Amino acid sequence: MLFERPDLDQMLPMRGYETPIVLPENGHDRADGEGQTYLRVAEIVLSEALSPLKAREIVERGIEQGLFGDHVMSRTPEKSMQARLSIDILSQGKNSRFARTSKGRFTLRSKLSDSRDSEGGSEEDRVEYLAKRRDTPKVLRTPKEEVLCVDEQGFRDVLTFQGIDTDPAEILGRLLKDKHLHYVGRSEAETRDDAKQFITYVLVQCGQRLLFFSRSYLSRAAEFLRGSKCIGFGGHVSAADMDILSRGDRGLSACARRELAEELRLPERPKRGAPSEVGLDRATLQLFQGASLERLAVLNDDSSGVGRRHVAVVYRAWLSDWEQARRLQKGDSSIKGVNWIDLSKDTVDIAEYEYWSQLCLRKFYPSTVVAKAKFEVLNAARLLSDRIIAVSGRIGSGKSETASYLSERLDIPLIKTGPLLAELMGSPLLGEIGRAEFQTRALSFIRDERGPEKLAMAILDKVNALSKRRCLVDGIRNLSTYENLKAKTLGSLALLFVQTPPDLAFDMYRAREATGTLTFSYRDFLKVYDAPVEAEITSLGRNASAYIYNSFGLEAFRRTLDHVVNTISGADQ
């Protein structure tokens with residue numbers, strides 16, 4: 001929702017809360033601009049990509065990772081991404097962060113330089129493609145939004161947990177120290193790993209009812225991989241949120257209220273004369289000024305690049321008037337719609353919610369959560385007929401358990417790619433040299449121009465040597481390997497993707513591979529979970545014929561796998 005700055009004598013009266021809402025200077029434009037949002041997403045995605053990407057792939061990975069945040073996306077985001085990158089390259093030339101490697105494919109200029117000095121990589125990775133120059137369009141320059149950040153020295157020994165800590169006073173007392181706080185341009189902050197941006201994450205509750213919303217721009221795959229529903233409203237804490245009345249918490253609570261007023265609105269009610277947009281804004285602002293704001297926790301999520309760059313302060317806004325609260329509507333175009341959970345009787349399927357909402361639901365509303373695994377089929381015909389069923393998922397997701405269980409129950413041979421890869425690399429097995437070293441060698445192999453094709457051929461040779469009509473493959477981690485194998489099998493390749501929340505993946509990985517190692521920490525887990533060679537696994541999920549959501553224990557998971565067995569064998573037909 002956009003606001004015009006009021007005159008001082010028109011400011012809304014205080015309602016007994018700790019800090020007023022601060023309105024932006026430029027109500028007509030979003031800070032940093034839509035173009036900067038696309039370029040920021042492109043820089044983050046391309047920094048993690050193993051090869052140059054098309055604009056569509058950049059957008060899809062950005063959506064999967066939640067990089068677009070609360071910004072509005074155009075109706076054709078891939079065209080917007082293509083245009084923004086092209087404009088940046090044309091206008092900035094060699095100073096652009098981006099470069100083309102072929103028509104329609106982009107990479108970071110720094111990667112282009114690095115690949116010239118290395119022996120690996122394809123010719124495409126090493127040569128810049130120069131498109132025919134056209135008249136450079138004028139680029140709208142919008143004001144730079146500055147967001148509150150704490151530097152690594154200030155947070156490293158404080159944010160040592162994964163998930164939610166319900167002692168926010170103690171944590172914020174250590175984080176909000178002047179010497180470690182800085183205001184940084186939003187675009188710059190989104191690409192830095194040595195600072196965390198403060199954001200607010202606000203739950204809205206009225207009695208026994210909890211508000212939630214659905215995102216408007218997620219694909220079907222992204223909805224399953226990320227969850228389309230959310231119970232947290234909020235955004236970045238900016239320099240505009242702090243004034244003399246909000247200096248104590250550095251504008252955190254002011255940001256929480258401002259974000260609520262931007263993302264939600266009360267419907268306009270006819271008054272005498274024409275409807276007044278100003279009246280609508282005043283009603284919404286008054287509602288959230290009068291709400292009691294409860295600070296619940298600090299949320300730290302180091303399981304993704306986006307999470308590592310942010311620290312969230314969780315609030316709960318209590319609304320007292322249900323007749324007014326029930327009229328709330330979406331105020332942001334990225335929100336598809338809002339609705340209420342009745343905590344006294346409703347239950348929620350936690351797999352439908354994004355990860356931070358899952359953490360909050362488990363912590364603050366555990367009796368509302370339905371503890372069950374989930375199996376969703378997108379293309380049953382592929383599971384029934386394709387010659388190869390590949391099982392993929394992040395480390396600790398349960399994919400190896402899935403592949404082994406299905407192989408045993410269906411009497412289908414299982415091909416593990418780890419030993420094949422070790423043989424191709426001339427390397428000891430993973431168990432002999434450790435996962436970290438094996439991942440480093442695998443990354444070097446897969447980045448070689450012929451690496452993915454060689455691995456695909458090795459898998460296919462194993463398949464052809466089997467007497468069985470069908471087989472399972474465990475361990476494909478790279479899109480190029482998958483695409484090569486699919487081409488060589490004439491498309492007879494189904495993909496089963498296993499999804500697990502990262503904190504639960506840590507518990508399962510530790511139980512399986514770090515038993516008896518008391519010092520094995522979440523940070524140790526992230527070193528293997530987020531290793532560069534693992535970067536494309538989530539993107540594989542977009543090619544899935546079916547998804548398994550694994551979250552609530554081995555017994556529930558195996559019941560779900562029995563459903564998978566019935567589907568693949570045709571027993572459910």
Side-chain angles (χ1 to χ4, degrees), residues 1-3 19-27 29-44 47 62 65-72 97 141-156 158-159 168 171-172 174-202 232-243 246-263 295 298-302 304-315 332 334 356:
M1 183 177 292
L2 304 178
F3 300 96
T19 173
I21 295 176
V22 180
L23 302 181
E25 293 282 358
N26 57 323
D29 210 350
R30 282 183 176 272
D32 265 358
E34 178 188 319
Q36 290 302 310
T37 298
Y38 278 91
L39 294 181
R40 183 167 61 242
V41 170
E43 186 167 9
I44 295 171
S47 69
Q65 297 176 39
L67 294 175
F68 286 96
D70 53 3
H71 287 267
V72 177
R97 292 163 289 173
R141 302 296 181 186
T142 54
K144 182 173 72 173
E145 179 188 13
E146 292 192 325
V147 296
L148 182 64
C149 297
V150 55
D151 61 37
E152 186 172 12
Q153 189 177 358
F155 73 74
R156 181 157 185 83
V158 180
L159 301 176
I171 294 175
L172 292 176
R174 298 172 65 187
L175 291 178
L176 296 178
K177 292 183 178 179
D178 289 344
K179 65 179 180 179
H180 296 304
L181 297 178
H182 311 276
Y183 284 103
V184 179
R186 173 85 178 270
S187 296
E188 176 188 350
E190 294 288 5
T191 60
R192 289 179 55 177
D193 291 325
D194 62 346
K196 277 185 179 279
Q197 305 160 56
F198 283 95
I199 64 173
T200 57
Y201 195 78
V202 190
F233 299 82
H236 288 78
V237 181
S238 72
D241 289 316
M242 193 176 76
D243 60 14
S246 58
R247 188 171 298 276
D249 69 354
R250 288 285 180 162
L252 287 169
S253 53
C255 169
R257 296 181 187 277
R258 172 180 58 77
E259 290 285 348
L260 286 175
E262 290 178 359
E263 296 194 356
R295 192 169 63 192
V298 171
L299 191 157
N300 184 59
D301 173 23
D302 289 330
S304 67
V306 175
R308 284 191 294 275
R309 297 183 186 105
H310 297 84
V311 56
V313 183
V314 183
Y315 289 92
D332 190 298
S334 66
W356 287 12

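Quick note: residue numbers are just sequence positions, from 1. Computed from a predicted structure; not experimentally measured. We use all heavy atoms of the structure for the numbers below, so side chains are in, but hydrogens, waters and symmetry mates are not.
Here the options are D302, V298, L299, the test is side chain to side chain contact (heavy atoms under 4.5 Å, CB included), and the partner is L159; only V298 passes.
Shortest non-hydrogen contact noted between A256 and V202 is CB-CG2, 3.7 Å. Pairing each heavy atom of S304 with each of D301, the nearest pair is OG-OD2, 4.3 Å. Closest approach of V150 and F155 over heavy atoms only: O-CD2, 3.6 Å. The minimum heavy-atom distance between G62 and V41, with the atom names listed, is CA-CG1, 3.9 Å.
Applying the side chain to side chain donor-acceptor pair (under 3.5 Å) criterion to R156, with sequence neighbours excluded, gives no partner residue. Legend: residues meeting side chain to side chain donor-acceptor pair (under 3.5 Å) with R309, ordered by chain and number and at least two apart, are D193.
Distance check: I199 CD1 to W356 CH2 gives 3.5 Å after rounding to the nearest 0.5 Å. Note that CG of L175 is 12.5 Å distant from CZ of R250, once rounded to the nearest 0.5 Å. Summarising the geometry, atom CE belonging to M242 is positioned 8.0 Å from atom CG belonging to L148; distances are rounded to the nearest 0.5 Å.
Contact annotation: the side chain of L176 approaches that of F198 to within less than 4.5 Å [non-hydrogen atoms, C-beta and beyond]. Residues E259 and T200 meet the side-chain proximity criterion, which asks for heavy atoms closer than 4.5 Å. Inter-residue side-chain proximity for V147 and Y183 is flagged as unmet; no heavy-atom pair is nearer than 4.5 Å. Between L252 and L172, the closest side-chain pair of non-hydrogen atoms falls below 4.5 Å. When side chains are defined from C-beta on, C149 does not count as touching R192, because their heavy atoms never get closer than 4.5 Å.
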For the pair N300 and K196, evaluate side chain to side chain contact (heavy atoms under 4.5 Å, CB included) and give the outcome as yes or no after the intermediate values. CA-CA 10 Å; N300 184 59; K196 277 185 179 279; 3.0 Å; yes
Please determine whether side chain to side chain contact (heavy atoms under 4.5 Å, CB included) holds for the pair E190 and H236, giving the CA-CA distance in whole Å, both sets of side-chain angles, and the decisive distance to 0.1 Å. CA-CA 11 Å; E190 294 288 5; H236 288 78; 3.4 Å; yes
Chi angles and distances behind the side chain to side chain contact (heavy atoms under 4.5 Å, CB included) call for R186, Q197: CA-CA 9 Å; R186 173 85 178 270; Q197 305 160 56; 4.3 Å; yes
Does Y201 form a side chain to side chain contact (heavy atoms under 4.5 Å, CB included) with H310? I'd like the steps, not just the answer. CA-CA 11 Å; Y201 195 78; H310 297 84; over 6 Å; no
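The number of heavy atoms from other shown groups lying within 6.0 Å of CD (E152) is above 12.
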